[in-house]
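Residue numbers start at 1 and run along the sequence shown. Note that these values count all heavy atoms, side chains included, but never hydrogens, waters or copies made by symmetry. Ligands are counted one by one from 1 in listed order, and the atoms in each one are counted from 1 as well.
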Amino acid sequence: MPVGTQATIKGLRNEAVEELGAEILLANTYHLYLRPGHELVRKLGGLHKFMSWNRAILTDSGGFQVFSLSELRKVTEEGVRFRSHIDGSEHLLTPEKAAEIQLALGSDIAMVLDECIETPAPRDKADSALRRTTQWARRARKYFLEQQDRTGDLKQWQFGIVQGATFADLRCESTHQLLEIDFPGYAIGGLAVGEPHEVTCEMTAEVTGLLPQDRLRYLMGVGKPEQIAEYVALGIDMMDCVLPTRAARHACLYTSRGRVLIKNARYAEDQNPIDPQCQCSVCRRYTRAYLRHLFAAGELTAAILATHHNVHFYLDIMRQIREAIEFGNLAKFSSEMRAKYAAGMA
Ligand SMILES: [Zn+2]
């Protein structure tokens, strides 16, 4: 899922995102709640209509940004109190409120509010955060089901979020507790936040090993191009990451042969496309030399073209993964990707 924090994929018009083949994107509840406000979005017909995007939208709960961006946050059983990073105004985000905001936005998939902690976390802190996360998940589910009863069929799926930091037994406990609540899908949160990659994989495997086959599994906030197939092999269906879009704005391009740092002088006269194997409309038309010049000149177009290519590259990885699964080649595809990225730049 490309990340559209402020109801836009930075640098791409939605028609381009459609052309790239994205079937779902992620939007951030924290940002849209503070600006323009969920009530305004509801009034204007919901997020799909507001941003003119007819395909699926997943919204996060806002929790992660409250814990990472806002000031003066205070966590209690009730919820988390925080000050807006925009104007300093005070807000209280509860599990019910997070669910209500996402219903107002009208996303297709909504996430429950969870407690995010700093990593590496000591065991007692991870343990109490996981307990609170489960209680909040119960309240969020109850609120959602009440709304569903009240309004008829809600066109939204609500996902639970497994926590437990880097402790395998806590991850298992969290998973069991959420399975008891019963969600149509399960996310794994609090990973890929600084721990070694092997630990991310180990924790992911602990959780996916317990999840039922017929429920979606979503690993939040990953990953690097060479890691995506690995996560799929561990049983993950969905991922989101700012990497392709953020890196593009910083002149870092992902290619089938590794990373290209396009500002590098070696590309000044390079007439090749960003990635000779890429079929995206940027690679079919523009050269590395031109893109390097646009970045050097600080032109907006540089970020637009780079983002277009990087998002295409990521979505293409997923297309190749689906194909590899069909032909029974996923392990081979995954190790080839890792080898290319270990080798460094194209
Ligand atoms: Zn391309």
For Arg35, what residues pass the side-chain hydrogen bond (donor to acceptor under 3.5 Å, both in side chains) criterion, not counting sequence neighbours?
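So Arg35 forms no side-chain hydrogen bond (donor to acceptor under 3.5 Å, both in side chains) with any residue.
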The Zn ion (ligand 1) reached by His309 (N, O or S, under 2.8 Å)
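Coordinating: yes.
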Is Cys278 close enough to the Zn ion (ligand 1) that one of its N, O or S atoms comes in under 2.8 Å?
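Within the cut-off used here (under 2.8 Å), Cys278 does place an N, O or S atom near the Zn ion (ligand 1).
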Flag this pair as yes if the NZ/CZ of Arg123 is under 6.0 angstrom from the six-membered ring centre of Phe167 and inside a 45 degree cone about the axis; otherwise no.
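Satisfied, under 6.0 Å and within 45°.
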Under 3.5 Å side-chain donor-acceptor pair for Thr200 and Glu195
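Side-chain D/A pair, Thr200 to Glu195: present.
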If we ignore angles and hydrogens, is there a donor and acceptor under 3.5 Å between the side chains of Gln147 and Arg150?
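A donor-acceptor contact under 3.5 Å links the two side chains.
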Given SG of Cys283 on one side and SG of Cys280 on the other, what angle do they make at the Zn ion (ligand 1), to 10°?
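Between SG of Cys283 and SG of Cys280, at the Zn ion (ligand 1), the angle is about 110°.
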